[in-house]
Amino acid sequence: MIALVDCNSFYCSCERVFEPKLENKPVIVLSNNDGCAVARTDEAKSLGIKMGEPYFKIKSVCEKNKVSVFSSNYSLYGDMSRRVMKILNEYTPEMEIYSIDEAFLSFQGMKNNLVNYSYEIKSEVKQLTGIPVSVGIGPTKVLAKVANNYAKKNKQLTHGVFLIDTSKNSDDILKRFPVEDVWGIGRKSAEKLLTVKIKSAYDLKYANEFVIQKMLTITGRRIVQELRGQNCIEMELDLAAKKQIVSSRSFGRPIYQKEDLMEAIANHVTTACEKIRKQNCVAGTILVFVQTNPFKNTPQYYNSATMNLLSGTSATNKMIHYAFKCLDQIYRINYEYKKVGVILMDIVPKSLSQLDFFDSHDSIKDDKLMKTIDHINQFQGTGSVKFAACGVVQFWKMLSQMKSPNYTTRWSELLRVT
DNA sequence: TCTGGGGTCCTAGGACCC
DNA sequence: TCTGGGGTCCTAGGACCC
């Protein structure tokens with residue numbers, strides 16, 4: 001059996017840990033730039049606040065109902081996530097960290113009462129971190145997901161833990177489970193399935209798998225089989241290296257000048273290169289894109305430029321240089337830019353990277369420089385040393401007006417109890 | 001005024017090879 | 001009238017996830 005442990009309204013729960021008076025009150029957390037609601041507590045959901053809804057549209061609802069609104073605080077959520085995952089790992093030798101707030105736990109070969117075991121996990125996580133979780137258990141990942149969803153939606157009945165198997169009684173759950181809520185079935189697939197009258201997880205489970213494959217490709221067929229209790233989606237036990245690394249951000253205000261775009265891009269390159277060095281890899285291709293605001297009634301422009309490097313690199317200085325060359329190709333004057341980003345691709349382990357005859361690969365000097373920079377920034381804080389191209393004022397920075405303190409990652413912002 | 005960011009997998013079709 | 005068969009690699013775009 002496999003368990004899916006999922007933190008309830010994770011970002012909101014993190015905020016509540018350090019502000020307990022928010023318990024049982026509506027809380028939402030906004031995306032970057034204070035754009036959309038990306039996490040809502042049950043209380044906020046029942047006010048009708050939808051996932052991904054722009055904040056400016058719900059602001060009045062929030063004010064009227066005294067909803068606590070937070071900008072996202074990723075250093076806090078990342079740190080809380082690490083704490084939760086560490087505890088989960090003590091309950092199984094095999095675990096897949098699926099996202100910042102979810103993990104699959106293998107219960108293979110365990111003889112315990114799995115439901116009771118899961119209650120134990122749930123209460124330990126709550127006690128040691130303050131984060132409430134729900135646990136779904138099933139013979140496959142898809143069924144564990146169904147079980148988790150059921151546990152979350154029926155808290156009174158399940159107390160946050162639910163097991164689903166391949167027995168007849170479980171079919172009753174699947175009958176009442178909308179097919180669009182099945183893991184891997186999105187809006188488009190649900191629309192297609194509706195044309196052949198498949199509306200529930202139950203309908204999908206007993207559909208002809210070859211017909212489903214025709215409609216939804218092999219991915220859809222796998223879901224059918226998983227619903228039947230047949231394992232098709234493997235557990236991924238070790239942290240796979242990223243195949244592409246993206247750093248991008250919307251601006252807090254409209255940007256016109258090339259110099260400002262360059263500054264932002266230099267920062268994105270810095271972030272992306274730090275990540276790629278962390279996984280001991282180099283990138284063979286860089287892509288830079290620029291974009292105006294599609295929601296605004298202004299002249300629209302989107303463009304990107306790619307550069308294939310002769311030899312892979314992870315050196316920030318080199319990559320900034322290439323990124324600027326890309327920008328030269330796509331920058332057009334007089335547009336109101338809203339967003340730029342950098343994507344690193346063709347990522348391979350540094351040890352396997354092809355060197356080049358004319359020394360455009362990472363020289364020993366570059367390697368030393370990057371190591372030193374990473375080391376300083378690790379101990380003195382991100383951005384303590386950086387390339388001048390990254391700028392100092394950074395007035396293009398994003399909005400983040402309601403951010404909570406970095407309670408767990410910054411000495412100066414520790415919670416004070418008075 | 002105001003609408004996020006970071007990923008993965010799959011397929012069709014083009015280009016190319018013998 | 002009439003033009004093979006089998007294969008690989010690459011890319012863009014779609015769909016999905018959190």
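Each chain gets a letter, A, B and so on, in the order its sequence line appears, and its residues count up from 1. In what follows, every heavy atom counts, from backbone to side chain, and hydrogens, waters and symmetry copies are set aside.
- The distance between atom CD of A/Gln291 and atom C1' of B/dG5, rounded to the nearest whole Å, is 12 Å.
- No engagement by A/Val29 is indicated, since no non-hydrogen atom pair under 4.0 Å with the nucleic acid exists.
- Which of C/dA15, C/dC17, B/dT3 sits closest to the side chain of A/Phe295 comes down to B/dT3.
- For A/Thr217, no side-chain nitrogen or oxygen approaches OP1 or OP2 of B/dC9 to under 4.0 Å.
- For A/Trp183, the listed nucleotide lying nearest its side chain is C/dC18; candidates were C/dC18, C/dC16, B/dT3.
- Rounded to whole Å, the distance from CD1 on A/Ile233 to C1' on B/dC9 is 11 Å.
- Considering only side-chain N and O atoms, A/Lys338 lies nowhere under 4.0 angstrom from the phosphate OP1 or OP2 of B/dG4.
- For A/Lys242, no side-chain nitrogen or oxygen approaches OP1 or OP2 of B/dT8 to under 4.0 Å.
- Note on A/Arg222: a side-chain N or O is less than 4.0 Å away from OP1 or OP2 of B/dC10.
- Distances were taken from every side-chain heavy atom of A/Lys243 (C-beta onward) to each of C/dC17, B/dT8, B/dG4; the shortest belongs to B/dT8.
- Backbone-only engagement by A/Ile245 is indicated by non-hydrogen atom pairs under 4.0 Å involving sugar-phosphate atoms exclusively.
- Using bins of under 30°, 30° to 60° and over 60° for the plane-to-plane angle, the ring pair A/Trp183/A/Phe104 lands in the tilted bin.
- Here the separation of C/dC17 from B/dG4, taken at their C1' atoms, is 15 Å to the nearest Å.
- Within 4.0 Å of A/Glu102, counting heavy atoms only, lie sugar-phosphate atoms of the nucleic acid but no base atom.
- One atom, CE of A/Met51, and another, P of B/dT3, lie 17 Å apart when rounded to the nearest Å.
- Residue A/Lys296 has no polar side-chain atom (N or O) positioned under 4.0 Å from OP1 or OP2 of B/dT1.
- When the C1' atom of B/dT11 is taken as reference, atom CG of A/Leu216 falls 13 Å away, rounded to whole Å.
- Going from atom CG of A/Asn293 over to atom C1' of B/dT3 covers 8 Å, rounded to whole Å.
- In this structure, A/Tyr301 has its ring center at least 6.0 angstrom away from the ring center of A/Tyr331.
- Among the nucleotides B/dG5, C/dC16, B/dT3, the one closest to any side-chain atom of A/Lys188 is C/dC16.
- Closest approach of A/Val246 to A/Lys275, counting heavy atoms only: O-NZ, 4.3 Å.
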Derivation of the side-chain contact (heavy atoms from CB on, under 4.5 Å) call for A/Asn148 and A/Lys145
CA-CA 5 Å; A/Asn148 186 286; A/Lys145 272 277 194 181; 5.6 Å; no

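- When rounded to the nearest whole Å, the span between NZ of A/Lys59 and P of B/dT3 equals 12 Å.
- In the set B/dG4, B/dC10, B/dG6, the nucleotide with an atom closest to the side chain of A/Ser250 is B/dG4.
- Mapping A/Ser31 and A/Thr219 onto DNA chain B by nearest heavy atom places A/Ser31 at the nucleotide closer to the 5' end.
- For A/Met215 and C/dA15, the CE to P distance is 13 Å, given to the nearest whole Å.
- Outside the 6.0 Å centre-distance limit, the rings of A/Tyr337 and A/Phe251 are not counted as a close aromatic pair.
- Contact check, A/Ser189 against C/dC16: a side-chain N or O comes under 4.0 Å of OP1 or OP2.
- Summarising the geometry, the separation between OH on A/Tyr77 and P on B/dG6 is reported as 16 Å, rounded to the nearest angstrom.
- Put simply, CD1 on A/Ile185 and CD1 on A/Ile223 are 4.0 Å apart, with the number rounded to the nearest 0.5 Å.
- Using a 30° and 60° split on the angle between ring planes, A/Tyr117 and A/Phe107 fall in the perpendicular class, above 60°.
- The phosphate of C/dC18 (OP1 or OP2) has a side-chain N or O of A/Lys145 nearer than 4.0 angstrom.
- Within 4.0 Å (heavy atoms only), A/Asp34 reaches no atom of the nucleic acid at all.
- Within the structure, a side-chain polar atom (N or O) of A/Arg249 is placed less than 4.0 Å from OP1 or OP2 of B/dG6.
- For A/Val246, counting side-chain heavy atoms from C-beta on, the closest listed nucleotide (B/dG7, C/dA15, B/dT3) is B/dG7.
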